[in-house]
S.K.: 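Below you'll find the structure I mean.
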Amino acid sequence: METAVRGGDFKKIGSVLIARHGKLVYEVYFDGDAGTLRDTRSATKSITDALVGIALDEKKLSGVDARILALLPEHARKLENPDPRKDLITVEDFLTMSSPLECDDWNDASRGNEERMYVVEDWAQFILDLPIRGRMHLGEQIDPPPHGRYFSYCTGGVFTLSEVLQKATGMRADRYAQERLFASLGISDVQWVFSPLNVPQTGGGLRLSSRDLLKIAQLYLNGGSWQGRRIVDQAWVRASTEPHARIDDDTEYGYLWWLKSFKSGGKSYRAFFMSGNGGNKVLAFPELDLAVIITSTNYNAHGMHEQTEKLLTDYILAAIEQ
């Protein structure tokens, strides 16, 4: 694998780390070193899931059915495109990328595309002001979606959870993360992105070292425990890594975690993982007790995720088999 990466068969790979049975067994840096903070873009959305789980466990949030506009009345008062369906939007809708808002980062024409959000000041208001999404369909009969939810990738909804966390916990999301999550994992060197109104961006862009990203995967592999200490509720970890929406025939979505099986050598291995632009992946394979980090700066490049998956299936999983 190293020969292939260094020989140019794989582009812009930053680091590869592998942990088996809770032990770091492989660590190599093709760009930077162990102290380099990696911009894994949307991969860090999954950290927001952990923060929501901790807030629920502390009874700061009533449940995943807590309604967003009830939690953010200052935004509700200024709401554009009012609709009774907006009043029903829950924390779970944003955790599963399935709110009814017209927000789709994978569609350049979408009113809620994240690139449009970044050029305005109040990002949460921008998202909550969006109209309700509509869908054309062939014929009058509409088949219900798998798991009862329509998936639509929306970074702005996950950012809005930053304001929800602050309202519920009384702490800004970055400070809550440091106190309730990172400190327990021995994570101290992080760099957040902030909105123009100084709200931490919980929808991605949080910079962490490769080793610290590995800790997040290992924490969830361990059912929410770290070195014998409970950090995230085990039932929450289980709920977060089971399917709540279907993305395509091969991929499902939990609570800000991707769910997919990867094939290697005729076998298939189930994983839950964090994923971000550039081909960044933080993967956990429960049956193998395996965590894998692949960081990459192949941003907006065609085939960026396929390249990462080839590293994973053709080299890493193949080595595990042997």
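Only heavy atoms go into these numbers, but all of them, side chains included; no hydrogens, no water, no symmetry mates.
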S.K.: Would you compute the distance between atom CG of Leu161 and atom CG of Leu51 and round it to the nearest 0.5 angstrom?
M.R.: 10.0 Å
S.K.: What distance do Leu214 atom CG and Thr295 atom OG1 have between them, rounded to the nearest 0.5 Å?
M.R.: 11.5 Å
S.K.: Could you check, using the six-membered ring where one of them is a Trp, whether Phe273 and Phe262 have ring centers closer than 6.0 angstrom?
M.R.: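 When the ring centroids of Phe273 and Phe262 are compared, they turn out to be within the sub-6.0 Å range.
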S.K.: Could you check Arg172 against Asn198 for side chain to side chain contact (heavy atoms under 4.5 Å, CB included), going step by step and ending with a plain yes or no?
M.R.: CA-CA 10 Å; Arg172 213 170 64 176; Asn198 234 27; 3.7 Å; yes
S.K.: Go through the structure and list residues passing side chain to side chain donor-acceptor pair (under 3.5 Å) with Asn300, not counting sequence neighbours.
M.R.: Asn277
S.K.: Please determine if Asp212 and Arg38 form a salt bridge, counting it only when a charged side-chain N lies under 4.0 Å from a carboxylate O.
M.R.: no
S.K.: Please list all pairs passing the disulfide (SG to SG under 2.5 Å) test where one or both residues lie in residues 50-120, with sequence neighbours left out.
M.R.: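 Sorted result for residues 50-120: Cys103-Cys154.
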S.K.: May I ask you to say whether Glu74 pairs ionically with Lys167, meaning some side-chain N is under 4.0 Å from a carboxylate O?
M.R.: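 Salt bridge flag = yes for Lys167 with Glu74.
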S.K.: Walk me through whether Asp93 and Arg149 qualify under salt bridge (Lys or Arg N to Asp or Glu O under 4.0 Å).
M.R.: CA-CA 9 Å; Asp93 291 330; Arg149 292 181 173 274; 2.7 Å; yes
S.K.: Decide whether Ile293 and Leu312 are clustered together by the hydrophobic rule: side chain heavy atoms of Ile, Leu, Val, Met, Phe, Trp, Tyr closer than 4.5 Å, transitively.
M.R.: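 Same cluster: Ile293 reaches Leu312 through Ile, Leu, Val, Met, Phe, Trp or Tyr contacts under 4.5 Å.
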S.K.: Which other residues end up in the same hydrophobic cluster as Ile142, if Ile, Leu, Val, Met, Phe, Trp and Tyr are linked when side-chain heavy atoms come under 4.5 Å apart?
M.R.: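 When side chains under 4.5 Å apart are linked, the cluster holding Ile142 also contains Tyr150.
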S.K.: Can you classify the ring geometry of Trp192 versus Phe182 as parallel (below 30°), tilted (30 to 60°) or perpendicular (above 60°)?
M.R.: tilted
S.K.: Grab the two heavy atoms, one from Tyr220 and one from Ala50, that are nearest each other, plus how far apart they are.
M.R.: OH-CA, 3.3 Å
S.K.: Students often mix this up, so state it plainly: with edges at 30° and 60°, are the rings of Trp258 and Tyr253 parallel, tilted or perpendicular?
M.R.: perpendicular
S.K.: Is the shortest side-chain N to carboxylate O distance from Asp39 to Arg41 below 4.0 Å?
M.R.: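 Counted as a salt bridge, because a side-chain N and a carboxylate O are separated by less than 4.0 Å.
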S.K.: Tell me whether Tyr26 shares a hydrophobic cluster with Ile216, the cluster being built from Ile, Leu, Val, Met, Phe, Trp, Tyr side chains joined at under 4.5 Å.
M.R.: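 They do share one cluster, since a chain of ILVMFWY contacts under 4.5 Å joins Tyr26 to Ile216.
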